[in-house]
Amino acid sequence: MRVPTHVLGVLTGVTLAPGCAALAAPTAQADLPACTNMVRQPGVGVSDAVTAARTRGMHNDLRGCVSALTEAGVPGGAATDACRMAANPP
């Protein structure tokens, strides 16, 4: 059975449309300055460990982010807040 060309075109458009919309949608940017400020408040410097933790937060690995910030010396509540800020847009 042969499918008319215009039907194939419509099916292709319907298939590609959601993917193209996802590519065109703006991505949410993390609030990295707020995260960094939250880390600095208790007097912790921004080290490579803090930067790596912040990256985990940006990728929604909140547990890993909090754990890494706590190991870097950031108190638990501040670490949790900083990781939430890293994961969410401003």
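- Screening residues 37-55 for side-chain hydrogen bond (donor to acceptor under 3.5 Å, both in side chains), with sequence neighbours left out, gives T36-R54.
- The disulfide bond (SG atoms under 2.5 Å apart) analysis of residues 41-77, with sequence neighbours excluded, yields the pairs C65-C83.
- Pairs passing the side-chain hydrogen bond (donor to acceptor under 3.5 Å, both in side chains) check and including a residue from residues 58-85, sequence neighbours excluded, do not occur.
- The hydrophobic cluster containing V46 also includes V39, V44, V50, L69, V74, under a criterion of side-chain heavy atoms closer than 4.5 Å among ILVMFWY residues, counted directly or through chains of members.
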